[in-house]
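Accompanying notes for the structure given below.
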Amino acid sequence: MKLSTFTGNATAFDGGLIVVGRHQDGEPSATERALDAALGGALAAAAERLRFTGKARQKVALDTLGRLPAARVLLLGLGKANEGGPAELRDAGAAAVTEALAQRLERVGFAVPAPEAVLGLATGALLGAYRYDALKAPDPENPTAHVTRFDLLGAGDAASALRTAEGLALAVNLARTLTNEPPNVCTPQRLADAAADIAKAPNFSLTVFDEQALADKKMGGIVAVGQGSSRPPRLIHLTYAPPGADPKAAIALVGKGLTFDSGGLNVKTAKGMVEMYIDMGGAAAVLGAMRAVAELQPGLVVHGIVGAAENMPDGNSYRPSDVLTMYSGKTVEVLNTDAEGRLVLADCLTYAIELKPRGVVDLATLTGACMVALGPYYAGLFSDDDAFAEQVLGAGRAAAENLWRLPLDPKLAKTLESKRADITNLGGPYGGAITAAQFLQNFKGDTPWVHLDIAGAVLAEKDDGHIRAGGTGFGVLTLWALIEAAAA
């Protein structure tokens with residue numbers, strides 16, 4: 001779908017659908033009044049009949065019956081004027097595209113309520129148009145509808161905002177697609193191939209460690225988790241280094257890439273296993289963020305590191321009671337092979353801090369306990385550095401992605417003590433998200449670090465505004481907001 005601007009009067013827009021918004025309890029804009037006049041008062045009459053107040057996601061839609069060049073008009077509620085943010089604007093852009101798709105109209109024109117709304121509306125339109133149907137056969141009796149163009153009416157010079165919207169939407173949609181792909185398609189090598197595609201952009205380099213290189217580097221966590229699978233593990237390292245950027249100001253992003261998690265020898269139940277193709281959601285977010293970097297080229301060194309593996313039961317699988325020697329040199333007693341993501345991340349964190357970045361953010365679908373605590377719409381944030389934690393929380397607010405800081409409890413950390421090794425990979429029965437974060441804390445050295453447990457937010461059961469059912473791409477927009485702020 002192409003983004004563009006339309007400089008003429010809204011009543012002259014000759015596309016399929018024209019959209020005008022109204023804030024809750026606000027007065028109709030001049031554009032709404034002009035459209036209503038052209039329709040002989042039909043829009044105002046329908047709004048009154050349907051008790052339209054401008055509440056977010058309310059809508060009134062009418063065919064124009066030839067009274068306007070556009071085939072259909074959509075009056076869309078924008079919510080309270082002082083309370084809406086990026087998410088609400090993205091929802092509005094997505095609602096416009098959803099209406100056009102439902103009516104099989106290929107072109108949309110959205111009357112921009114304010115210049116600063118362009119980025120959110122355009123990003124939402126592209127996110128709302130996303131569908132994952134690559135593995136479905138076409139239905140000749142019901143061919144897929146497409147919106148080919150989304151015009152911003154009255155946007156002025158919006159070229160920069162539209163370019164940013166395209167970059168961000170490409171990034172989020174890449175993360176969504178990687179998450180949605182089944183595990184026989186999205187393998188560790190598939191993640192490496194996705195990184196190779198990103199690395200074609202200017203100022204990028206890529207290093208991929210295969211199973212032999214991982215063994216040679218003594219990355220005992222990644223090797224152990226991946227050794228039960230016929231699809232070998234990978235460590236993927238993308239580096240973006242624009243000319244003149246200070247490598248000491250770099251940010252490192254680390255993603256858990258378990259392309260399928262059976263639980264290993266501590267095998268999951270059938271119900272618990274069915275959605276474990278999404279256990280690479282952290283890796284998807286990191287690769288999505290690096291795609292945004294590739295598209296938008298910020299003035300900051302950024303490292304994207306993914307630990308990719310498949311956790312399977314096999315005669316060669318690692319076992320409960322094994323003691324692993326990690327890349328850092330620490331030893332870990334395995335109490336449960338289903339606590340595998342933290343083992344992969346631990347080696348990746350050690351690798352990341354060797355790069356001496358100013359800060360490291362790791363993202364992982366790490367624990368069901370975090371989802372129990374916060375529900376499916378929030379990610380848990382853990383950090384032992386208040387300043388860096390606030391930077392990431394601020395990025396989440398700017399991106400309108402929900403983050404909630406949870407504690408690192410020294411008393412709970414004691415449940416990770418081992419009699420045979422430096423640490424175990426599983427804490428006690430309580431605070432599972434906290435003890436998982438505290439396990440990772442053992443491998444971050446002195447580098448400022450934030451851990452995001454995105455187990456709940458990475459998957460949506462149904463469409464919700466600009467969020468599509470399936471993989472959400474959660475975390476990409478927060479990471480970009482962090483990068484953008486650091487590069488300013």
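Both backbone and side-chain heavy atoms feed into the values below; hydrogens, waters and symmetry mates do not.
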Could you list the residues that satisfy side chain to side chain contact (heavy atoms under 4.5 Å, CB included) with [X], not counting sequence neighbours?
{"X": "D386", "answer": "R405"}
{"X": "D63", "answer": "L65, R72"}
{"X": "A486", "answer": "I251, L300, R358"}
{"X": "L459", "answer": "E275, Y277, I278"}

Would [X] and [Y] pass as an ion pair if we require N to O under 4.0 Å?
{"X": "D14", "Y": "R107", "value": "yes"}
{"X": "D25", "Y": "K80", "value": "no"}
{"X": "R22", "Y": "E32", "value": "yes"}
{"X": "R397", "Y": "E390", "value": "yes"}

Smallest separation among heavy atoms of G263 and N311, with atom names: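 In terms of heavy atoms, the two residues are closest at C-ND2, 3.4 Å.
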Side chain to side chain contact (heavy atoms under 4.5 Å, CB included) partner of L381, the single match among I454, T478, L393: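 Between L381 and the candidates, side chain to side chain contact (heavy atoms under 4.5 Å, CB included) is satisfied uniquely by L393.
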Sequence neighbours left out, what pairs pass side chain to side chain donor-acceptor pair (under 3.5 Å) with at least one residue falling in residues 153-168?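 For residues 153-168: none.
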Within a 6.0 Å radius of atom [atom1] on [X], are there more than 12 heavy atoms belonging to other residues, nucleotides or ligands?
{"X": "F6", "atom1": "CZ", "result": "yes"}
{"X": "K268", "atom1": "NZ", "result": "yes"}
{"X": "Y377", "atom1": "OH", "result": "no"}

Does NZ or CZ of R176 lie under 6.0 Å from the centre of the six-membered ring of Y130, at an angle within 45° of the ring axis?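 Yes, a cation-pi geometry.
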Among pairs that include at least one residue of residues 109-135, which meet salt bridge (Lys or Arg N to Asp or Glu O under 4.0 Å), considering only residues two or more places apart or in two chains?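 Sorted pair list comes back empty.
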For residues F388 and W449, determine if any side-chain heavy atom of one lies less than 4.5 Å from a side-chain heavy atom of the other.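 Sidechains of W449 and F388: no contact.
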Side chains of T11 and N9: is there a donor and an acceptor less than 3.5 Å apart?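 A pair is found: one side chain offers a donor N or O, the other an acceptor, under 3.5 Å apart.
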Would you say the side-chain atoms of T187 and E310 include a donor-acceptor pair closer than 3.5 Å?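 Side-chain D/A pair, T187 to E310: absent.
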Could you give the distance from CG (L479) to CG (L363), rounded to the nearest 0.5 Å?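 Here the rounded value is 5.0 Å.
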